[in-house]
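Down below is the structure, laid out as structure tokens.
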2 protein chains.
Amino acid sequence: MYLKNNIRRLLVYRQCLLKLKELGFEVIYSYNLGREASVSPEQVRKDFSKFGIKGKRKAGYEIDHLLEALDIIFKKDKDQNVILVGMGNIGKALSNYKGFAQHKIVICAAFDIDPSKQTKSYKIPVYPVEDISRIVKMYHVKIAIIAVPKPAAQEVCNRLIASGIQGIINFSPTNLKHPKNIFINNIDLANEMESLIYFTLNQ
Amino acid sequence: MYLKNNIRRLLVYRQCLLKLKELGFEVIYSYNLGREASVSPEQVRKDFSKFGIKGKRKAGYEIDHLLEALDIIFKKDKDQNVILVGMGNIGKALSNYKGFAQHKIVICAAFDIDPSKQTKSYKIPVYPVEDISRIVKMYHVKIAIIAVPKPAAQEVCNRLIASGIQGIINFSPTNLKHPKNIFINNIDLANEMESLIYFTLNQ
DNA sequence: TACATTTTGTTACTATTTTCACAATAAATT
DNA sequence: AATTTATTGTGAAAATAGTAACAAAATGTA
């Protein structure tokens, strides 16, 4: 697993900090943030410490300072262009998802094999899959989302990698074969449900 | 993190085994399955061993036997009813998602505050949020999906828990406050993208 | 039947992650 | 200014997870 937990926790802290800032807080203690993020205060301090983020003893952490530090870690100085392949159920939902904008994640183009979906009527222009390479190069895209049906996923993955994509988030419920310098984050919705069910029903 | 990796890996093995079975395999070695699931063979054996699943030395594992064992672990003897709250972008996509059926996960009802969405015209009947408690009790539902906008998520969460829901998969990008006997699996799509971007761009 | 080969199952080892404990220090109080 | 209090930062300990090594067992072969 390359998706280390401390990175994921930093992202959770970020969400919490934005919320707390909105509520008017300027300074926060590891204890408060931990409570908000469902994490122990020691864990919060360790996570920050690991990335050289400093607070002040007795005075906690300045929220703005934390957010700046997190912005640097997650390179939030500029928009991150990503592409989306597959405009079915999930693809459409992702193309409309408002949460990305706040993170400066921009889906700059989508792709589908179905010509009826290759239109400018969606928020995002939808191109034929053959255009992937051209668009990837044009916008210097490094990250792609796979939201195609299972049988098409591996082929799309190969095409993406051949076009220069380096990181893929895969919503197709299949394990993609890929060179090990490519990062893949699999989100299998049914498996996410299953693991929740497992832990819920086994107390 | 309660979502232990070995459980998640078992679910990945399951996907792989179904695929391999479809391809005509009847028996598999830890080496093959590991390759398919991007996991070391030792890890595969350890995972099975931990759950008392046995192979035969020199003869590997029978796929059907593995699938049966996994079905028992994940209680696949009967359908698992779940409810869905929020028929926006993501809610609609989930309500149409075909992957659940193969896992015997059935979204038996959906809920939304918007009366225009409270209709039988979707695949799944959509009720007003006030009906959650009634339906949860009627169908003995234990698991719910939250797919409402961030500001509504905590309130919906509270209502679900009050209605008897024990496990929640939360697509809303916020950390929900909850008693510790309730399981919550947060899927924050923007954070999933962010962590992928982080690992991709930091070699 | 004896021997070689292959693959599991498990134990021992290593690495990583989390928790604990507490010294260091900043702020508040007397 | 001295003392108390609160909170960080970190090193040590504990827990968890993953890797490696190898004996045990099943199969095949001479």
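Here is how names work: the chains are called A, B, and so on, in the same order as the sequence lines, proteins then strands, and each is numbered from 1.
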>> Nearest whole Å is fine: how far is C:dT18 C1' from A:Arg9 CZ?
In response: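 Rounding to the nearest Å, CZ of A:Arg9 and C1' of C:dT18 are 8 Å apart.
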> Rounded to the nearest Å, what distance is computed from the CG atom of residue A:Leu33 to the C1' atom of nucleotide D:dT8?
Replying inline: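 After rounding, the reported distance stands at 14 Å.
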For a quick test of reading the model: is some side-chain N or O of [X] closer than 4.0 Å to OP1 or OP2 of [N]?
X	N	value
B:Arg45	C:dT8	yes
B:Asn5	D:dT16	no
B:Gln43	D:dA17	no
A:Asn6	C:dT17	no
B:Ser30	C:dT7	no
B:Ser49	C:dG9	no

Pairs under 3.5 angstrom, nitrogen or oxygen only, protein versus nucleotides 12-14 of chain D, please.
{"unit_1": "D:dA12", "atom_1": "N6", "unit_2": "A:Lys46", "atom_2": "NZ", "d": "3.3"}

> More than 12 foreign heavy atoms under 6.0 Å from OH of B:Tyr139: is that the case here?
Replying inline: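 For B:Tyr139, atom OH is not crowded (no more than 12 foreign heavy atoms under 6.0 Å).
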> Would you say A:Glu130 has more than 12 foreign heavy atoms packed within less than 6.0 Å of its CD?
Replying inline: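 Enclosed.
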Backbone N or O of [Y] within a donor-acceptor pair of the [X] side chain at under 3.5 Å?
X	Y	value
B:Asn89	A:Asn96	yes
B:Asn185	A:Glu192	yes
B:Asn186	B:Asp188	no

> Between residues 54-65 of chain B and DNA chain C, which residues have a heavy-atom gap below 4.0 Å?
Replying inline: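 Close to the strand are B:Lys54, B:Gly55, B:Lys56, B:Arg57, B:Lys58, B:Gly60, B:Tyr61.
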> What is the minimum heavy-atom distance between A:Ile7 and B:Ser195, and which atoms define it?
Replying inline: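 Between these two residues, the closest heavy atoms are CG2-CB, 4.2 Å.
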> A:Leu33 and A:Tyr61: side chain to side chain contact (heavy atoms under 4.5 Å, CB included), yes or no, with the steps?
Replying inline: CA-CA 10 Å; A:Leu33 183 54; A:Tyr61 299 87; over 6 Å; no
> For B:Gln154 and B:Asn158, what are the C-alpha separation, side-chain angles and deciding distance, and is it a side-chain hydrogen bond (donor to acceptor under 3.5 Å, both in side chains)?
Replying inline: CA-CA 6 Å; B:Gln154 185 63 60; B:Asn158 297 345; 2.8 Å; yes
